[in-house]
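So that the names make sense, note that chain A is the first sequence line, chain B the second, and so on, each numbered from 1.
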2 protein chains.
Amino acid sequence: MPDNKAKTLKPTSDAVEILHRRLYEGKPARLKNLEEARANEEIARKIQELRSAAALTQTQLAKLIGTTASVICRLEDVDYEGHSLAMLRRIAGALNQRVEIRFVPIRRSA
Amino acid sequence: MPDNKAKTLKPTSDAVEILHRRLYEGKPARLKNLEEARANEEIARKIQELRSAAALTQTQLAKLIGTTASVICRLEDVDYEGHSLAMLRRIAGALNQRVEIRFVPIRRSA
DNA sequence: CAGTTTATTCGCAATATTGCGAAAACGCAA
DNA sequence: TTGCGTTTTCGCAATATTGCGAATAAACTG
């Protein structure tokens, strides 16, 4: 489950800089749409959680919904931003769940 | 939801139930998709409801999220099956809402 | 009724998501 | 270390969703 998309970084021995890179480098989307990014993370984690709870490997779950392990892996990547309702429903269906969608008001604090 | 007999349906004014009867009564082959179809209906109605509550025309909402009225109309069509998380979030964002997604266990029965 | 606004339908191009294999990386145990 | 199963990454084709205008229908006003 990759937490990091950064690639081809030049070498460094500064631990602080390494952490900084891990958190912020190459992730403008996270800074701009923090809320959405966090929601995607939550979805990814939830999928992983459900699969683990069902004691299934990525390959096993993949077969259940008619796809491959690499697809499941992609869904469980917290940086993946392409989650679709269709796929969530397929996952849910295979794990005896249903996808509940609600619109909840946002309190735009003063 | 009351159980349904093959004959002597009692009267109803609920449009959803009428549609349900017309499309799915006595057709177990389609029951598999019923849940998803109803979920899509719910989404469509919710979007329409939110837009109305905000006192916006389809054109106005469309401009808010950077698209056209025909797209909004499509989203509000209860038979539309192409709902995406991305679009729901755009709608929600324009109407000061957020999209909450939950996986809830379902009791699988006949 | 004629005007005006809003809503709906249709077709196709543009964009986004999925399918899928292959290779590499990882974790673990003998 | 090796072997083995699992996970991750990458690239591109296939499919699905969106963008958008134009035409039509429907609803509303005067």
Side-chain angles (χ1 to χ4, degrees), chain A residues 1-9 22 25-29 32-33 36-37 39-41 43-95 99 101, chain B residues 15 19 33 36-37 39-41 43-95 99 101:
Chain A
M1 187 165 44
D3 283 351
N4 193 313
K5 269 187 179 173
K7 47 191 82 168
T8 66
L9 293 176
R22 281 197 184 143
E25 188 131 339
K27 297 181 180 180
K32 290 181 180 178
N33 299 327
E36 180 176 335
N40 284 328
E41 272 191 36
I43 292 174
R45 294 207 165 92
K46 192 61 185 175
I47 292 175
Q48 198 279 334
E49 189 178 309
L50 287 176
R51 178 175 63 81
S52 294
L56 295 174
T57 66
Q58 291 179 336
T59 301
Q60 289 172 329
L61 176 55
K63 285 181 180 174
L64 279 181
I65 67 171
T67 185
T68 61
S70 62
V71 171
I72 302 300
C73 178
R74 187 163 53 193
L75 296 177
E76 294 181 359
D77 183 342
V78 296
D79 289 322
Y80 181 59
E81 296 179 350
H83 290 294
S84 76
L85 222 39
M87 183 59 86
L88 294 186
R89 282 170 174 162
R90 286 165 64 187
I91 299 288
L95 301 178
V99 177
I101 295 171
Chain B
L19 186 62
N33 304 321
E36 180 175 338
N40 284 329
E41 270 192 37
I43 292 174
R45 294 184 198 283
K46 192 61 185 176
I47 292 175
Q48 199 279 332
E49 189 178 308
L50 287 176
R51 179 176 62 82
S52 294
L56 296 174
T57 66
Q58 291 179 338
T59 300
Q60 289 172 328
L61 175 56
K63 284 180 181 174
L64 279 181
I65 67 171
T67 185
T68 61
S70 62
V71 171
I72 303 299
C73 179
R74 187 164 51 194
L75 297 177
E76 293 181 359
D77 182 343
V78 296
D79 290 324
Y80 181 60
E81 297 179 347
H83 291 292
S84 75
L85 221 39
M87 183 59 88
L88 293 185
R89 282 171 173 162
R90 287 165 63 187
I91 299 288
L95 301 179
V99 178
I101 294 170

(message) Using a 4.0 Å cut-off on heavy atoms, which residues in residues 63-74 of chain B reach DNA chain D? List them by number, or say none.
(response) B:G66, B:T67, B:T68, B:S70, B:V71, B:R74

(request) Could you grab the distance from atom CG of B:D79 to atom CD of B:E41, nearest 0.5 Å is fine? (result) 7.0 Å

(request) Using atom CG of B:D79 as one end and atom C1' of C:dA7 as the other, report the distance to the nearest whole Å. (result) 16 Å

(request) Report yes if a side-chain nitrogen or oxygen of B:R90 is closer than 4.0 Å to either non-bridging phosphate oxygen (OP1 or OP2) of C:dA16; otherwise report no. (result) no

(request) For A:Q60 and A:A55, work out which heavy atoms get closest and say how close. (result) OE1-O, 3.8 Å

Atom pairs, protein N/O to nucleotides 23-30 of chain D N/O, distance under 3.5 Å:
none

(request) Verify the contact: side-chain N or O of A:S84 to OP1 or OP2 of D:dA16, cut-off strictly under 4.0 Å; return yes or no. (result) no

(request) Between B:Q60 and B:D77, name the one whose nearest nucleotide on DNA chain C is closer to the 5' end. (result) B:Q60

(request) With the side chain counted from C-beta on, respond yes when A:I101 and B:K46 share a heavy-atom pair under 4.5 Å apart, and no when they do not. (result) no

(request) Give the minimum heavy-atom separation between A:V99 and A:A92, together with the two atoms involved. (result) CG2-CB, 3.7 Å

(request) Five pairs at each end of the helix from C:dC1-D:dG30 to C:dA30-D:dT1: take the axis at both ends and give me the angle between them to 10°. (result) 50°

(message) For the CG atom of B:L88 and the CG atom of A:L85, what is their distance to the nearest 0.5 Å?
(response) 6.0 Å

(message) Testing the basics here: between A:L64 and A:A94, what is the closest heavy-atom pair and its distance to 0.1 Å?
(response) CB-CB, 4.1 Å

(request) Please check if atom CD in B:E81 has more than 12 non-hydrogen atoms from other residues, nucleotides or ligands closer than 6.0 Å. (result) no

(message) Distance check, rounded to the nearest 0.5 Å: B:R45 atom CZ versus B:L50 atom CG?
(response) 14.0 Å

(message) For B:L95 versus B:R51, what's the shortest heavy-atom pair and its separation?
(response) CD1-N, 4.0 Å

(message) In whole Å, I'd like the distance from the CG atom of A:L88 to the P atom of C:dA16.
(response) 18 Å

(message) Going by side chain to side chain donor-acceptor pair (under 3.5 Å), name the residues that satisfy it together with A:S84, two or more places apart in sequence or in a different chain.
(response) none

(request) Calculate the interatomic distance between A:L75 atom CG and D:dT6 atom P; express it in whole Å. (result) 18 Å

(request) For residues B:A62 and B:A69, report the shortest heavy-atom separation together with the two atoms involved. (result) CB-N, 3.6 Å

(request) Can you figure out which of C:dT9, D:dT17, C:dA7 approaches the side chain of B:Y80 most closely? (result) D:dT17

(request) Can you tell me the distance, in whole Å, between the NE2 atom of A:H83 and the C1' atom of D:dA16? (result) 17 Å

(message) Measure CG/A:L61 against C1'/D:dG5 and give the value in whole Å, please.
(response) 17 Å

(message) Expressed as a whole number of angstroms, how long is the span from B:Q58:CD to D:dT18:C1'?
(response) 16 Å

(request) Rounded to the nearest 0.5 Å, what's the gap from CG on A:L75 to CD1 on A:I47? Could you check? (result) 5.0 Å

(message) Once rounded to the nearest 0.5 Å, what's the spacing between atom CD1 of A:I91 and atom CG of A:L61?
(response) 4.5 Å

Show the distances under 3.5 angstrom between N or O atoms of the protein and N or O atoms of nucleotides 24-29 of chain C.
none

(request) Please state how far atom CE in B:M87 lies from atom P in D:dT17, giving the value in whole angstrom units. (result) 12 Å

(request) Provide, to the nearest angstrom, the distance between the CD1 atom belonging to A:I47 and the C1' atom belonging to D:dT7. (result) 15 Å

(message) Suppose we screen for side-chain contact (heavy atoms from CB on, under 4.5 Å). Which residues come up paired with B:R74, at least two apart in sequence or across chains?
(response) B:V71, B:Y80

